[in-house]
Amino acid sequence: MIIAHLSDLHLDGGQRAEDRVAAVMAWLGGLARPIDAVVVTGDIADHGAASEYARAAELLKHPAPVLVCPGNHDVRAAFRTGLLSRLSGVPGGGAPGLGRSPGRHGLPASDDPIDAVREVGGVLFALCDSTIPGRGAGFLADSTVEWLDDTLAGGDGPAFVAFHHPPVEVGVTLVDAIRQSGEDRLAAVLGRHPRVVALLAGHVHTGASTTFAGVPLRIAPGVVSQSLLPVEPGADRGWDEGGPLDYERPPSLLLHVLHDDGRVTSHHRTVSC
């Protein structure tokens, strides 16, 4: 199985961001063999506007299943109605396997965490909402942790768990300050379910590979921009100078290969734009 992993599209109504997403999707469409799934780990919109999600739904069209979870720039209500509904073909994004029922935990549909599960070719993808509405940092709600535990208990085949915020520091100061907290609860769930072959995340705007709770953690590079590591020139730029981000580097993505023995090999690719 081959999985394309994108993150941090930050579609903002401008041509630049759209062109970069379109280039990545065109590159995927031109591969010699079809990929099996596309996973997008958040910050799909830059402002959470309905128009941004409508455009995302058009740009992300692909023959393979497109699986998404929100990031801190996304807005749950607009994400659910503007993107999930279009990807699933059902108003509200309520197609079986795409997300739990709105309001399941006593919250208004617009505020309920957007957690989704999908099985592709015998492989489970659990997509978790790690966002805290109105904040940049991440946290899995208790209801999300419970849902993930129950979802992983439903079988023993290979599973990927995806979310936006990495649950560990990665050496990028900008995002380490707003990573996913409360990670001990996630670690406990993973300890009960050895079927998880890898965790997929975004948020960092640079490709990275590490581990969490003994499980491989793969972080997709940003499509819109790339973060500068502290050792790179320009990493100390203030936001009045563009911040520690490089907008000139080409859009990038990861291709994950799930082998028959359960190993995951991840390949980094850049795309001409």
Has the side chain of [X] got a donor or acceptor atom that lies under 3.5 Å from a matching backbone atom of [Y]?
X	Y	answer
R80	D112	yes
R55	S51	no
S227	V204	yes
D74	D43	yes
D115	C128	no
R218	S209	no
N72	R135	no
H165	G136	yes
R192	L152	no

Find out if a path of hydrophobic residues (ILVMFWY) with successive side-chain heavy-atom gaps under 4.5 Å connects [X] to [Y].
X	Y	value
V39	L254	no
V75	I132	no
F139	L217	no
V40	V224	no

Measuring only between side-chain heavy atoms, which start at C-beta, is [X] closer than 4.5 Å to [Y]?
X	Y	answer
L28	L255	yes
T270	P221	no
V168	T211	no
T81	Y53	no
S143	P113	yes
L83	I44	yes
R237	L245	no
V172	L229	yes

Determine, step by step, whether L124 and R195 satisfy the side chain to side chain contact (heavy atoms under 4.5 Å, CB included) criterion, reporting the C-alpha distance in whole Å, the side-chain angles of both residues, the deciding distance to 0.1 Å, and the verdict.
-> CA-CA 10 Å; L124 185 82; R195 66 183 295 197; 3.8 Å; yes
Only counting residues at least two apart or in another chain, list the ones meeting salt bridge (Lys or Arg N to Asp or Glu O under 4.0 Å) with D19.
-> none
Set of salt bridge (Lys or Arg N to Asp or Glu O under 4.0 Å) partners for D240, sequence neighbours left out | none
Report the distance from atom [atom1] of [X] to atom [atom2] of [Y], rounding to the nearest 0.5 Å.
X	Y	atom1	atom2	result
L60	L67	CG	CG	11.0 Å
R185	L148	CZ	CG	10.5 Å
I35	I3	CD1	CD1	9.0 Å
S7	H205	OG	NE2	7.0 Å
E18	E58	CD	CD	8.5 Å
F212	L186	CZ	CG	4.5 Å

What are the two closest non-hydrogen atoms of [X] and [Y], and how far apart are they?
X	Y	value
R20	Y247	NH1-O, 3.9 Å
D12	G14	OD1-N, 2.9 Å
W147	A116	CH2-O, 3.1 Å
E52	D46	OE1-N, 3.4 Å
R86	A57	CD-CB, 3.5 Å

CA sep, side-chain torsions, deciding dist, call: H256, L200, side chain to side chain contact (heavy atoms under 4.5 Å, CB included) | CA-CA 10 Å; H256 305 300; L200 308 180; 3.5 Å; yes
Does a donor on one side chain sit under 3.5 Å from an acceptor on the other, for [X] and [Y]?
X	Y	answer
T265	H259	yes
H73	D8	no
H5	T41	yes

Who passes ring pair (Phe, Tyr, Trp, His ring centres under 6.0 Å) against F125, sequence neighbours left out?
-> F160
Please report the C-alpha distance between L228 and R249 in whole Å, then the side-chain angles of each, then the deciding distance to 0.1 Å, and finally whether the side chain to side chain contact (heavy atoms under 4.5 Å, CB included) criterion is met.
-> CA-CA 11 Å; L228 296 171; R249 296 184 189 181; 3.6 Å; yes
Under the side chain to side chain contact (heavy atoms under 4.5 Å, CB included) rule, what do I114 and V68 come out as? Steps first, then yes or no, please.
-> CA-CA 10 Å; I114 301 173; V68 298; over 6 Å; no
State which residue, out of I219, T206, V170, fulfils the side chain to side chain contact (heavy atoms under 4.5 Å, CB included) condition with V175.
-> V170
